[in-house]
Amino acid sequence: MSQNPSTYLVIGAGPIGWTVASQLAEQGERVRLLTRSGSGPDHPLIDRVRGDAGDPASLARELDGVRAVFHCMHSSAYTEQAWRAELPQAERAVLDAAAEAGAVVVFPESLYSYSEPDRVMREDSPRKARGGKRGVRTELLAARAAHPAHTVSIVASDYFGPQALNAHAGERMVPLVLAAKTVRVVGSADQPHSFTYVPDYAAAMIAAARDESLWDRVLHAPTGPALTQREMAEAFATAAGVPSAKVAVLPRRLMKGLGLVMPSIRELNELEYQFTAPFVMDSSTSEALLGFGSTPLDEAARATVAWWRERATA
């Protein structure tokens with residue numbers, strides 16, 4: 001534990017915010033965790049605070065003495081409408097407050113904005129996607145770049161690991177593998193797809209916040225070689241010591257039909273392209289800058305399985 005712990009502000013206690021706050025506290029850093037509910041990990045160095053990240057007065061108060069802000073807040077719904085109504089305003093409020101306080105803002109970011117996802121996506125690949133949720137991410141990145149506050153955006157692909165519930169390699173896969181049930185995936189079970197381990201994602205955000213030479217750029221979270229969804233499920237089965245994973249593909253016609261009546265499926269269908277063709281990111285440049293790579297798959301899979309089993313018995 002450091003003798004003079006710095007104070008960091010983490011906004012949001014989803015899988016990324018939870019893990020960032022936990023890692024910082026384990027390293028002896030004092031953390032303020034701001035959520036509407038006051039939820040988050042229980043640790044003596046984590047001060048869980050109820051508040052609204054969109055309220056300038058609340059933000060100014062919580063940013064007092066803060067070195068870096070990890071803005072890990074989600075929108076209220078996984079729709080373009082919710083993203084447009086909520087995310088730009090929330091980010092602008094955080095950026096304004098951080099600029100006033102002299103703190104860097106670190107954002108978790110997705111691959112949605114990449115305009116050529118059919119090619120391997122690198123840090124210098126074009127990010128000019130238009131329309132829908134992809135276009136919203138492009139606009140958010142542009143707004144960060146134009147703001148006077150220092151920022152770092154850490155890009156990851158679909159994530160997995162402890163705390164990752166609502167994810168393709170989360171509750172839609174791991175508990176089914178453990179129960180020897182069929183995992184039903186979207187798109188294709190056999191196209192290569194990048195998956196990012198949540199603890200690696202959080203570690204990259206923390207490392208970037210501490211290194212001023214990495215500010216004001218877009219980096220990639222350390223991410224291992226692309227896997228098919230079938231291979232991902234099999235990695236969990238191997239880690240758990242259970243029979244080989246059973247994987248089936250949800251028929252495209254069924255997904256299209258369900259999308260007509262189920263908003264959640266309709267939103268999922270918008271990003272079907274990520275699973276019908278190779279969807280691969282390269283993080284080698286960022287790994288060299290950050291000074292570390294991704295956690296080996298077998299180790300990450302074991303930790304993920306252990307977390308799910310512990311959760312099931314809690």
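Model, not experiment: these values are computed from the prediction.
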- Query: Is Arg217 salt-bridged to Glu123, going by a charged N under 4.0 Å from an acidic O?
  - Reply: no
- Message: Looking at Thr35 and Gly38, would you say the former's side chain and the latter's main chain have a donor-acceptor pair under 3.5 Å?
- Response: yes
- Pair Gln191, Thr276: side-chain N/O donor-acceptor within cut-off below 3.5 Å: no
- Residues Leu214, Leu290; criterion side chain to side chain contact (heavy atoms under 4.5 Å, CB included); working and verdict: CA-CA 8 Å; Leu214 301 180; Leu290 293 166; 3.9 Å; yes
- Message: Could you check whether any side-chain N or O of Trp308 sits under 3.5 Å from a backbone N or O of Leu178, counting only pairs where one atom can act as donor and the other as acceptor?
- Response: no
- Can Arg230 and Asp190 be counted as an ion pair, charged N to O under 4.0 angstrom? yes
- Is NZ or CZ of Arg137 both nearer than 6.0 Å to the six-membered ring centre of Trp83 and within 45° of the ring axis? yes
- Query: Salt bridge check: are Glu116 and Arg127 linked by an N-O gap of less than 4.0 Å?
  - Reply: no
- Note, Ser153 side chain near Leu141 side chain (heavy atom, < 4.5 Å): yes
- Query: Taking the six-membered ring of Tyr273 as reference, does the NZ or CZ atom of Arg134 fall below 6.0 Å from its centre and within a 45° cone about the axis?
  - Reply: yes
- Measure the acute angle between the ring planes of Tyr8 and Phe70, then classify it against the limits of 30° and 60° as parallel, tilted or perpendicular. tilted
- Do His193 and Asp158 have side-chain atoms, one donor and one acceptor, less than 3.5 Å apart? yes
- State plainly whether the residues Lys128 and Glu139 are in salt-bridge range, i.e. N to O under 4.0 Å. no
- Task: Could you tell me whether Phe160 and Tyr197 have their ring centroids closer than 6.0 angstrom?
- Result: yes
- Report yes or no: is the cationic atom of Arg144 (NZ for Lys, CZ for Arg) closer than 6.0 Å to the six-membered ring centre of Phe107, at no more than 45° off its axis? yes
- Message: Can a donor-acceptor pair be found, under 3.5 Å and without considering hydrogens, that links the side chain of Gln163 to the backbone of Trp18?
- Response: no
- Between atom CG of Leu140 and atom OH of Tyr112, what is the distance when rounded to the nearest 0.5 Å? 12.5 Å
- Within the side chain of Glu231, is there an N or O that forms a donor-acceptor pair under 3.5 Å with the backbone of Thr228? yes
- Examine the side chains of Thr196 and Ser157 and answer whether a donor and an acceptor come within less than 3.5 Å of each other. no
